[in-house]
Protein chains: 2
Amino acid sequence: MSIACDTCVVRNRAICSVLDTDELVALNRIGRTRTISAGQTLMWEGEDSALVANVLDGVLKLSTGTEDGREQIVGIVYPADFIGRPFGARAQQTVTALTEARVCVFARGDFDAFAREHPALEHKLLQRTLTELDRARHWMLLLGRKSAMEKMASFLLEMSERLVQNGCTPDAGPLDRFALPFGRQQIADILGLTIETVSRLLTKLKNDGVIDLPSRREVTILQRDILRHRAG
Amino acid sequence: MSIACDTCVVRNRAICSVLDTDELVALNRIGRTRTISAGQTLMWEGEDSALVANVLDGVLKLSTGTEDGREQIVGIVYPADFIGRPFGARAQQTVTALTEARVCVFARGDFDAFAREHPALEHKLLQRTLTELDRARHWMLLLGRKSAMEKMASFLLEMSERLVQNGCTPDAGPLDRFALPFGRQQIADILGLTIETVSRLLTKLKNDGVIDLPSRREVTILQRDILRHRAG
DNA sequence: CGCAACTTTTGATCCAGCGCAAAGCGGCCA
DNA sequence: TGGCCGCTTTGCGCTGGATCAAAAGTTGCG
């Protein structure tokens, strides 16, 4: 039998990688792929959690906000990552596409039932969730204790490491040149700063010769060691 | 057969609650209880993750720090909570007892093997981890976007809600009076503030009649609605 | 090409929270 | 009972980053 998963680009990296062909056929039956355009929101904070999904392509953000409109981005989601809140009634974050994105979506109830019958899938999901938890807690140190410059330097270093994995070249080192899927305001929302501070810091790093900014969204790291030093 | 778990105070709340008697006997064989005195550290950030544990009694903190000694508390652990990093080689946070504590510890390898053979246990652990991830991400909003007063008010409200669950009275509402298991410096490390700011904020809330501070570690919430308002 | 809408940069000023220093308080032990 | 030690509070000046305002790019579209 031929199914969509056969040609899936994240087949070997997403949580589905632990499933055999029969299981994949079954999972495929309850899911469907969906395209989301940049800026569109897939689920809203506080809404009841109706969907979960695997990301096939593109970059999305997870965010929470205060009543008066302040926003904090709490996670960035790349291809092969899992989104949504299985086994829970309420989505705790808003999920929004930053670039055009393709996701493989499931009704939460269907996915929950499927997962409970496939321990290997739950195991994989557990591992991912544990890793995400470590990442989130590590980011809390940045938000709570680092200066604006330390935040910015840490951010650029993390981006240069995480954006590489999505390419096809396996285990290449961190990229020295990359395109951010964010505008300045979004960088501010990730780091807990204002857009003006973000702009000033990037300009300073450029003037100091630590990075270059070939265009609005591109960054070249010229002196990684100095950047690392400024990350604290 | 009689085992320690028979009399365990968190038997029905910890992840073990999904195990039947035989399974519990097997799990009991690979674990042992251990007492930790206040201030003692159970595992260190960056060290290889040798242990996991269930908390039986007491309160512990999870923390990370920068090279130059700044610290951020990234989680508070109460009875029935799980600590440690299963399925991963490295502990990402330091775990330290805030009060005298009793934990039920397992060698990580033993626990991993046991968990893989008991999907229901992994499922329970997955649910817990998902909840913790939501909590951590929610805390990121506080760290990145809230003012000092909003942080303090949010903290007091959260404490009044979380400290209640550990008592024996089921589903009592939030407490109006409670003892914090933290000193001022630790509150600062939770909120990403300095000890002086924490002290000033508490004094202000007291002078404004929103709370009372019967002793160093005790708090009484006098006007919960106003406190809620100040939490933003 | 040229105009309108949006994003980013730059400049100027302000203030919340930090850092330092000293005083106050409470608990513990002899 | 008193004295010591560690924790907390308070005072004061400073500064990193926010806020407000305006100029300079960018992008899209007729």
Side-chain angles (χ1 to χ4, degrees), chain A residues 37-39 66 68-72 98-100 142-156 179-208 211-219 230-232, chain B residues 37-39 61 66 68-72 98-100 141-156 179-208 211-219 230-232:
Chain A
S37 52
T66 56
D68 60 330
R70 285 170 286 175
E71 182 178 332
Q72 177 67 49
L98 294 172
T99 63
E100 171 147 317
L142 176 144
L143 289 173
R145 289 301 188 201
K146 291 197 175 182
S147 71
M149 180 52 92
E150 289 173 331
K151 286 179 177 181
M152 180 54 85
S154 304
F155 169 76
L156 291 173
L180 294 172
F182 317 108
R184 296 291 184 264
Q185 181 59 60
Q186 281 159 346
I187 299 177
D189 289 338
I190 291 170
L191 299 177
L193 298 171
T194 59
I195 186 172
E196 294 95 328
T197 300
V198 166
S199 176
R200 279 187 255 266
L201 290 168
L202 285 172
T203 305
K204 171 143 179 53
L205 285 171
K206 180 180 172 177
N207 291 341
D208 292 356
I211 63 170
D212 191 27
L213 301 168
S215 79
R216 276 191 176 188
R217 295 202 164 203
E218 280 175 308
V219 180
R230 297 207 182 176
Chain B
S37 52
K61 66 171 182 177
T66 57
D68 61 329
R70 284 170 285 176
E71 181 178 333
Q72 178 67 49
L98 294 173
T99 63
E100 170 147 315
L141 173 65
L142 175 143
L143 290 173
R145 290 299 186 204
K146 291 198 175 180
S147 71
M149 181 52 92
E150 288 172 331
K151 286 179 177 182
M152 190 71 214
S154 305
F155 168 76
L156 291 174
L180 294 172
F182 316 108
R184 297 290 185 264
Q185 181 59 61
Q186 281 160 347
I187 299 177
D189 290 338
I190 291 170
L191 299 177
L193 297 170
T194 59
I195 185 172
E196 295 95 331
T197 300
V198 167
S199 176
R200 280 186 259 265
L201 291 168
L202 285 172
T203 304
K204 171 143 179 53
L205 284 171
K206 179 181 172 176
N207 290 341
D208 292 356
I211 63 170
D212 191 26
L213 302 168
S215 78
R216 278 189 177 187
R217 296 203 164 199
E218 281 176 307
V219 181
R230 298 209 182 174

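Below, each value reflects all heavy atoms present in this structure, side chains not excepted, and no hydrogens, waters or symmetry copies. Below, chain A is the first sequence line, B the second, and so on; all start at residue 1.
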To the nearest angstrom, how far is A:D68 atom CG from D:dT19 atom P?
11 Å

In whole angstrom, give the distance that lies between atom CZ of B:R184 and atom P of D:dT10.
10 Å

Just verifying a value: how many Å separate B:Q185 CD and B:L193 CG, rounded to the nearest 0.5 Å?
10.5 Å

Roughly how far, to the nearest 0.5 Å, is the CG atom of A:L202 from the CG atom of A:L156?
6.0 Å

Using whole Å, report how far NZ of A:K146 lies from C1' of D:dG17.
18 Å

Near DNA chain C, which residues from residues 194-204 of chain A have a heavy atom under 4.0 Å away?
A:E196, A:S199, A:R200, A:T203

How close do A:R230 and A:A153 get, heavy atom to heavy atom, and via which atoms?
C-CB, 3.8 Å

Can you tell me how far OG1 of A:T197 sits from CD1 of A:I187, rounded to the nearest 0.5 angstrom?
12.5 Å

Looking at B:L142 and B:K151, what are the two nearest heavy atoms and their distance?
O-CE, 3.3 Å

Heavy-atom contact window of chain A on DNA chain C, given 5' to 3' at under 4.0 Å:
C:dT7 to C:dA12

Once you apply a heavy-atom cut-off of 4.0 Å, does B:S215 come out as touching a base, just sugar-phosphate, or nothing?
nothing

Heavy-atom nearest nucleotide on DNA chain D for A:R216 versus A:S147: which residue maps closer to 5'?
A:S147

Output yes when a side-chain donor or acceptor of A:E218 lies under 3.5 Å from a complementary backbone atom of A:L180, and no otherwise.
no

Could you tell me the separation between the CG atom of B:L205 and the P atom of D:dT9, rounded to a whole number of Å?
12 Å

What's the CG-C1' distance between A:L143 and D:dG17, to the nearest Å?
15 Å

To the nearest 0.5 angstrom, please state how far the CG atom of A:D189 sits from the CD atom of A:E71.
4.5 Å

To the nearest 0.5 Å, tell me how far A:S147 OG sits from A:L201 CG.
8.5 Å

In whole angstroms, how far is the P atom of D:dA18 from the CE atom of A:M149?
13 Å

Heavy-atom donor-acceptor pair, A:T203 side chain to A:S199 backbone, under 3.5 Å:
yes

Relative to the 5' end of DNA chain C, which residue comes earlier, A:R145 or A:Q185, by the nucleotide with the nearest heavy atom?
A:Q185

Quick one: B:L213 CG to D:dT9 P, roughly how many Å, whole number?
7 Å

